[in-house]
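Here is the naming used below: chain letters follow the sequence lines, and residue numbers restart at 1 for every chain.
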Number of protein chains: 2
Amino acid sequence: MRQSAESGQRHSIAAELIAVLVAVTIGQPRVMTIERGQSLPSGPFELGHRSLQSGLRDWVEHQTRHPLGYIEQLYTFADRDRTANGSAQRVVSISYLALTREEQAAPADKAAWRNWYDYFPWEDHRAGVPPALPDVIVPHLKAWADGADDRPTHDDRWQRAAIAFGLDGNGWNEELVLQRYELLYEAALVGEAHRRQGENRTLSAFGLAMAADHRRILATGIARLRAKIKYRPVVFELMPSVFTLLQLQRSVEALAGRLVHKQNFRRLVEQQELVEETGSSTTDTGGRPAKLFRFRHGVLAERAVAGTKLPLSRA
Amino acid sequence: MRQSAESGQRHSIAAELIAVLVAVTIGQPRVMTIERGQSLPSGPFELGHRSLQSGLRDWVEHQTRHPLGYIEQLYTFADRDRTANGSAQRVVSISYLALTREEQAAPADKAAWRNWYDYFPWEDHRAGVPPALPDVIVPHLKAWADGADDRPTHDDRWQRAAIAFGLDGNGWNEELVLQRYELLYEAALVGEAHRRQGENRTLSAFGLAMAADHRRILATGIARLRAKIKYRPVVFELMPSVFTLLQLQRSVEALAGRLVHKQNFRRLVEQQELVEETGSSTTDTGGRPAKLFRFRHGVLAERAVAGTKLPLSRA
DNA sequence: TCACATATGCTCGTTTTGAGTATATATAGG
DNA sequence: CCTATATATACTCAAAACGAGCATATGTGA
């Protein structure tokens, strides 16, 4: 079987491509899943694929019958202790974030759009702090910290929890999606952490579990997207061709999981010249008719000239 | 996940780990290389490795005898047409950015630190715009754009060049390192682009070439680092334990490739409470003695609470 | 016609930047 | 010792960006 001590090992590696495919529909963030919502679309990288991205496109479009638009790489990992099966085969997982618009056409069998807050109920702060956070999650985190063997460990655990979940006067930071999930995993509060021990009961406050480490990948994708909407005009990949400013705002809020100040949001969008009026307006919103806008495609090029935070010198 | 007839193909994939190991020494950005500066430290990911990161650590510390400090993943790719050899074996390259301090101890055989501007001479704007940029690079880019078959292609090429290289009134954006390199590659101006055609002469204005796509990976690392120093205190990974504010500034300038405004830089560092005084000062700088500072380790935790750019609402 | 809902315009005080000017304290050379 | 020359550090000032909120416009439906 093995050719040589070294090269034989190299060959028994498989690469898997995984997609976090996101859309926003009527103000809710959606993620494409397969297998009753338990997995993200994925498939092996094969010799026939031109590149990693094209391999991903093949798999996802085949599994879900939904085209991928914008794609960006998320993360690659191969931790041995995080995979479900105990096989000797080593798998490198390469994950991508893909943005699209949800189509009216039904996706393929077993493929389905899901609200991403089904998996992360503690991440949606649009209607205020979710009650399960102070009522269920924080007490469990406290118990976990208190269960530490020594004082330094206790303090470290509690400090990380406080920062990640915005406790002890630390404000809520919507970008820390991955840190929060990892903390809950470390504290054995999410379903995935129990799997290897056999048991499987988890409180609904900790969300739906997924296969293998797919929920971790989803957390990575959400975190990346929440960070990115702040400095790159990626929301537009998720919007229809024309939209009102409130619809745009609702989409951003859906992704960020928090409400934004309407007037200031509009000022921001206008001063950055991200959109242009179409001339028409809609009355569907109930209330004074809203102007319809479209994305100014010019900014895709211009915005490459992003902002700096270094106090540059003139000379 | 899925086991099927195609699974036989999955096994002929190898994973390679590649490091962009960076240090800053007396105001110059340095990158660790092997093989006379033509390659980055790298090695195959094997079954024995606990994780991708630990595999990388093994390889790099073995090849260079230099310990790795801070590590973050850069990018994974597997483009078929970019690899040097024509073998059927498919390689997935997983690259990392690592930050450290250059040690006085000599690195291992064949391993050597290099100034990264040897590979990207057009990226160093600390002494003003490098003359080779207007004199050599821009004319070649213009010729490349003019050589397009049709008008749209010409305009697209020129617009991309103008944005990437700060022409036509577009300011210089130090973060676009990768875009610039990719453009030069596409225009067949860098050495790597000629390799498959056999010839190999390139003007020194286009920098030293590297093996395979290592220079592209280096460009990715520089771009990431230039972006990151603006919102995360990573420079300190590259600084000695105590330093003056000017030394800190020089390090930032080395990485960014541009000068910063001294007074405003200090204001920024102070108001963010990144450093604290050690109490002593040094006169080595020639001039009024400078206070010595050290990094405030507390910020590593606090800074997790990063800034937002969304106009949040209070309710 | 009125209550209600959303849209949109505008104000105002606070912070954060960008760009300097001014002053302090060393060393090196005559 | 004095001076030129570095660098270090403190302050100023106007412009731009941000956070919060008030006011007004213009629809729909009871």
Side-chain angles (χ1 to χ4, degrees), chain A residues 26-27 171-172 174 229-231 242-253 256 258-294 303 305-315, chain B residues 26-27 126 171-174 229-231 242-253 256 258-293 305-315:
Chain A
I26 41 174
W172 177 260
E174 70 278 356
I229 49 173
K230 290 172 188 164
Y231 62 96
V242 299
F243 48 83
T244 70
L245 290 182
L246 185 59
Q247 285 165 352
L248 183 64
Q249 181 184 342
R250 292 286 178 242
S251 293
V252 169
E253 291 173 336
R258 19 193 356 182
L259 299 177
V260 307
H261 181 128
K262 191 199 297 216
Q263 296 91 326
N264 290 347
F265 176 77
R266 299 162 96 90
R267 177 171 65 186
L268 203 74
V269 169
E270 280 165 26
Q271 86 177 25
Q272 299 197 163
E273 301 182 299
L274 296 175
V275 298
E276 62 191 10
E277 299 187 13
T278 63
S280 48
S281 61
T282 178
T283 170
D284 299 345
T285 53
R288 173 172 167 178
K291 288 185 194 159
L292 286 168
F293 292 82
R294 81 169 63 88
R303 276 288 164 274
V305 190
T308 176
K309 264 290 184 122
L310 291 181
L312 292 180
S313 142
R314 188 139 289 272
Chain B
I26 40 175
R126 286 176 294 175
W172 177 260
N173 182 343
E174 69 279 354
I229 49 174
K230 289 171 189 164
Y231 62 96
V242 299
F243 47 83
T244 70
L245 291 181
L246 186 59
Q247 284 166 352
L248 182 64
Q249 181 184 342
R250 294 286 178 241
S251 292
V252 169
E253 291 173 337
R258 18 192 357 183
L259 299 178
V260 307
H261 186 249
K262 192 201 293 218
Q263 295 91 326
N264 291 347
F265 176 76
R266 299 161 96 90
R267 177 172 65 186
L268 202 74
V269 170
E270 280 164 26
Q271 84 177 26
Q272 299 197 162
E273 301 182 299
L274 296 176
V275 298
E276 60 192 9
E277 299 188 13
T278 63
S280 48
S281 62
T282 178
T283 169
D284 298 345
T285 52
R288 172 173 169 179
K291 288 185 196 158
L292 286 169
F293 292 83
V305 189
T308 176
K309 266 287 187 130
L310 291 180
L312 292 180
S313 144
R314 189 135 290 269

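Remark: of the listed residues L292(B), T278(B), V275(B), V275(B) is the sole one forming a side chain to side chain contact (heavy atoms under 4.5 Å, CB included) with F243(B).
Protein atom CG of L268(B) is 17 Å distant from nucleotide atom C1' of dA10(D), rounded to whole Å. Distance CZ (F265(A)) to P (dG9(C)): 15 Å, rounded to an integer number of Å. Between L259(A) atom CG and dA20(D) atom P there is a gap of 13 Å when expressed in whole angstrom units. Counting to the nearest Å, the P atom of dG9(C) and the CD atom of E270(A) are 7 Å from each other. L292(B) has its CG atom 11 Å from the P atom of dA8(D), to the nearest Å. dA17(D) atom C1' lies 11 Å from atom CD of Q272(A), rounded to whole Å. Atom CD of Q247(A) is separated from atom C1' of dT6(C) by 12 Å (rounded to the nearest Å).
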How does protein contact run along nucleotides 23-30 of chain D, one letter per nucleotide 5' to 3', with B for base contact, S for sugar-phosphate only, - for none, heavy atoms under 4.0 Å?
-> --BBBS--
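Judged as a side-chain contact (heavy atoms from CB on, under 4.5 Å), and not counting sequence neighbours, the contacts of E276(A) are R294(A), R296(A). Listed by chain and number, the residues in a salt bridge (charged side-chain N to carboxylate O under 4.0 Å, His left out) with R266(A) amount to none (sequence neighbours excluded). The side-chain hydrogen bond (donor to acceptor under 3.5 Å, both in side chains) test applied to T282(A) returns D284(A), not counting sequence neighbours. For R267(B), there are no salt bridge (charged side-chain N to carboxylate O under 4.0 Å, His left out) partners, not counting sequence neighbours. In terms of the side-chain contact (heavy atoms from CB on, under 4.5 Å) criterion, residue partners of S281(A) (sequence neighbours excluded) are, by chain and number, P289(A). With sequence neighbours left out, the salt bridge (charged side-chain N to carboxylate O under 4.0 Å, His left out) criterion links R250(B) to E253(B). With sequence neighbours excluded, the residues satisfying side-chain contact (heavy atoms from CB on, under 4.5 Å) with E277(B) are K291(B), F293(B). Every residue was checked against the salt bridge (charged side-chain N to carboxylate O under 4.0 Å, His left out) condition with E270(B), not counting sequence neighbours, and none meets it.
When all heavy atoms are compared, the tightest approach of W172(A) to R258(A) is O-NH1, 3.0 Å. Minimum heavy-atom separation, Q249(A) to V260(A): NE2-O, 3.2 Å.
Taken from OG in S251(A) to CD1 in I26(A), the straight-line distance is 11.0 Å, to the nearest 0.5 Å.
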Output a table of nitrogen or oxygen pairs between the protein and nucleotides 13-16 of chain C separated by less than 3.5 Å.
none

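Rounded to 10 degrees, the angle separating the terminal helix axes of the helix from dT1(C)-dA30(D) to dG30(C)-dC1(D), each built from five base pairs, is 0°.
The nucleotide whose nearest atom lies closest to any side-chain atom of A290(B) is, among dA7(C), dA8(D), dT8(C), dA8(D).
Listed pair K262(B) / dA8(D) meets the phosphate criterion, a side-chain N or O lying under 4.0 Å from OP1 or OP2.
Note on L246(B): only backbone sugar-phosphate atoms sit closer than 4.0 angstrom, heavy atoms only; bases stay farther off.
Closest-nucleotide positions on DNA chain D for N264(A) and R266(B) were compared, and the one nearer the 5' end corresponds to R266(B).
With hydrogens and angles ignored, a donor-acceptor pair under 3.5 angstrom links the side chain of R267(A) to the base of dG19(D).
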